[in-house]
Asks: 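One structure, as structure tokens, below. Some questions next.
Values reported hereafter were calculated over all heavy atoms of this structure, with side chains retained and with hydrogens, waters and symmetry mates removed. Keep in mind that what you see is a predicted model, and the values were worked out from it rather than measured.
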Amino acid sequence: MKQIESIKEFGGWLNRYQHPSTSCNCSMTFSVYLPPQAETEKVPVVYWLSGLTCTDDNVRTKAGAQRYAAELGLALVMPDTSPRGDDVADEEDRYDLGKGAGFYVNAIQQPWARHYQMYDYVTAELPALIEQNFPVLPGVKSISGHSMGGHGALICALKEEGAYRSVSAFAPICHPVKSGWGEGCFSAYLGDNRELWKAYDATELIKSGCKPMPVLIDHGLADEFLEEQLFPQDLEAAYRERGAPITLRMHEGYDHSYHFIATFIGEHLAYHAKALRG
């Protein structure tokens, strides 16, 4: 693991690293914010999964999350959204497939399967690396994300029962098997058998009997992708059918951007801090 950047913020440190990934078979980049409390004690962790076209850089420069993490004593771990490198498969003429669009699944179709193992990376390899190398409490972690990353956060929390203390999301793709973004990536990474897609779909996981985990979700009503890509009503209906707790907040005037995320990120981190600190 190689540190490539270090910036002092709010009494803590925002650091950036590269490391060879065994899951993705390439060099991966991630950022970590360590709050000032981490200088004297181990702290809980919130993992943030970013959306289509993003890297770890978007959230750390646009969300304003580090100020709240410093106040709450939380480490933030911000991975990339996909494998990178000259030999990594890509569709250069598409923003919604390939690099920047890993969709947090384990690809089984070629040429994607060699590198696109993002589910294993964010649920297993990266947490193990973090716990081995940083002053964090082992196993005391929560997860959140935006758009494609919100989808990732939801499926990670639902599929890895007991691994996360809490989960939240901003404008997540709640039902990707019926979303154009999800269909495009799932058909490429997983093949044409739509039953296989359901294993990476939060709504379908709840409908199929997966143990529902309480979730906090925020959407903007001015989000241009709300009706055709995100389908929060489907996830809410699946939760209600199971009698499970879901907090779905719809905000007038807010869009899909980091302006929206920055407005409510403090509330999300406080939500996670409450769960993480018991």
Side-chain angles (χ1 to χ4, degrees), residues 1-2 17-30 47-58 77-129 143 145-160 163 172-205 208 210 225 228-231:
M1 189 172 64
K2 176 184 178 182
Y17 301 88
Q18 288 179 338
H19 74 104
S21 167
T22 56
S23 299
C24 296
N25 195 28
C26 65
S27 177
M28 294 293 288
T29 300
F30 67 91
Y47 287 81
W48 174 272
L49 306 185
S50 292
L52 284 167
T53 75
C54 292
T55 68
D56 61 305
D57 202 37
N58 296 76
V77 175
M78 298 155 277
D80 202 347
T81 52
S82 71
R84 309 276 178 173
D86 293 340
D87 62 339
V88 173
D90 192 23
E91 288 284 347
E92 295 184 359
D93 60 341
R94 292 182 59 177
Y95 76 93
D96 57 350
L97 179 65
K99 295 177 186 178
F103 238 87
Y104 305 103
V105 305
N106 287 336
I108 59 175
Q109 296 292 310
Q110 297 300 340
W112 311 101
R114 181 165 180 256
H115 297 288
Y116 285 75
Q117 304 296 312
M118 287 300 295
Y119 183 82
D120 282 352
Y121 179 73
V122 299
T123 60
E125 182 179 0
L126 184 60
L129 188 70
I143 193 165
H146 170 232
S147 193
M148 179 186 74
H151 141 79
L154 292 172
I155 63 168
C156 289
L158 292 172
K159 289 166 70 68
E160 303 296 316
I173 305 170
C174 294
H175 205 175
V177 300
K178 60 185 284 190
S179 160
W181 286 336
E183 289 179 328
C185 286
F186 285 180
S187 61
Y189 301 151
L190 303 174
D192 295 332
N193 185 350
R194 298 178 72 94
E195 288 300 310
L196 296 178
W197 301 5
K198 293 180 180 180
Y200 294 105
D201 182 306
T203 297
E204 296 297 332
L205 286 169
S208 67
C210 179
F225 305 114
E228 295 185 1
Q229 299 283 6
L230 306 182
F231 304 108

Asks: When rounded to the nearest 0.5 angstrom, what distance separates OG in Ser179 from CD1 in Ile173?
Replies: 5.0 Å

Asks: For Asp201, what residues pass the salt bridge (charged side-chain N to carboxylate O under 4.0 Å, His left out) criterion, not counting sequence neighbours?
Replies: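 Asp201 satisfies salt bridge (charged side-chain N to carboxylate O under 4.0 Å, His left out) with no residue once adjacent residues are dropped.
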
Asks: Do you see a donor-acceptor pair shorter than 3.5 Å between the side chains of Thr123 and Glu160?
Replies: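 There is no such pair (donor and acceptor under 3.5 Å, judged by atom type) between the side chains of Thr123 and Glu160.
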
Asks: Just grab all the salt bridge (Lys or Arg N to Asp or Glu O under 4.0 Å) pairs involving residues 186-197, residues at least two apart or on different chains.
Replies: Glu183-Arg194, Glu195-Lys198

Asks: Taking side chain to side chain contact (heavy atoms under 4.5 Å, CB included) as the criterion, tell me which of Pro83, Ser21, Ser23 meets it with Met118.
Replies: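 It is Pro83, the one option of Pro83, Ser21, Ser23 that forms the side chain to side chain contact (heavy atoms under 4.5 Å, CB included) with Met118.
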
Asks: Pairing donors with acceptors under 3.5 angstrom, does anything connect the side chains of Trp181 and Tyr95?
Replies: yes

Asks: Could you label the plane-to-plane angle of the Phe30 and Tyr17 rings as parallel, tilted or perpendicular, counting under 30° as parallel and over 60° as perpendicular?
Replies: parallel

Asks: As an exercise, state the distance from CG of Asp120 to CG of Asn106, rounded to the nearest 0.5 Å.
Replies: 4.0 Å

Asks: Assess whether side chain to side chain contact (heavy atoms under 4.5 Å, CB included) is satisfied between Ile143 and Val122, documenting all intermediate values.
Replies: CA-CA 10 Å; Ile143 193 165; Val122 299; 5.7 Å; no

Asks: First locate atom CD of Glu204, then atom SG of Cys210, and finally report the distance between them rounded to the nearest 0.5 Å.
Replies: 12.0 Å

Asks: Would you check if the side chain of Gln109 reaches a backbone N or O of Ser187 as a donor-acceptor pair within less than 3.5 Å?
Replies: no

Asks: Does CD belonging to Gln110 count more than 12 external heavy atoms closer than 6.0 Å?
Replies: yes

Asks: Taking Cys174's backbone N and O only, do any of them form a donor-acceptor pair with Thr203's side chain (distance below 3.5 Å, no angle check)?
Replies: yes

Asks: Give a yes or no answer on whether the side chain of Gln117 reaches the backbone of Val105 with a donor-acceptor pair at less than 3.5 Å.
Replies: no

Asks: What residues form a ring-ring contact (aromatic ring centres under 6.0 Å, His included) with Tyr121, not counting sequence neighbours?
Replies: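 With neighbours one apart ignored, the set is His19.
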
Asks: What's the spacing between Met28 CE and Arg84 CZ if we round to 0.5 Å?
Replies: 8.0 Å

Asks: Look up atom NZ in Lys2 and atom OG1 in Thr29, then write down how far apart they are to the nearest 0.5 Å.
Replies: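 Atom-to-atom, Lys2:NZ and Thr29:OG1 are 10.5 Å apart.
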
Asks: Closest approach of Leu97 and Gly184, non-hydrogen atoms and distance?
Replies: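 Scanning both residues, the minimum pair turns out to be CD1-O, 4.1 Å.
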
Asks: What are the two closest heavy atoms between Leu49 and Cys156, and how far apart are they?
Replies: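 So the minimum-distance heavy-atom pair works out to CD1-SG, 4.5 Å.
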
Asks: Keeping the roles fixed (side chain from Trp112, backbone from Gly98), state whether a donor-acceptor pair exists under 3.5 Å.
Replies: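 Answer holds: no.
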
Asks: Could you walk me through whether His115 and Asp87 pass the side chain to side chain contact (heavy atoms under 4.5 Å, CB included) test, one step at a time?
Replies: CA-CA 9 Å; His115 297 288; Asp87 62 339; 4.0 Å; yes

Asks: So does Ala202 get a backbone contact from the side chain of Lys159, meaning a donor-acceptor N/O pair under 3.5 Å?
Replies: no

Asks: With rounding to the nearest 0.5 angstrom, report the CZ to OH distance, Phe103 to Tyr189.
Replies: 8.5 Å

Asks: Do you know which two heavy atoms are closest between Trp48 and His146, and how far apart they sit?
Replies: CZ2-CB, 3.5 Å

Asks: Between His151 and Pro172, is there a donor-acceptor pair closer than 3.5 Å when you use the side chain of the first and the backbone of the second?
Replies: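 Looks like no, no N/O pair under 3.5 Å.
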
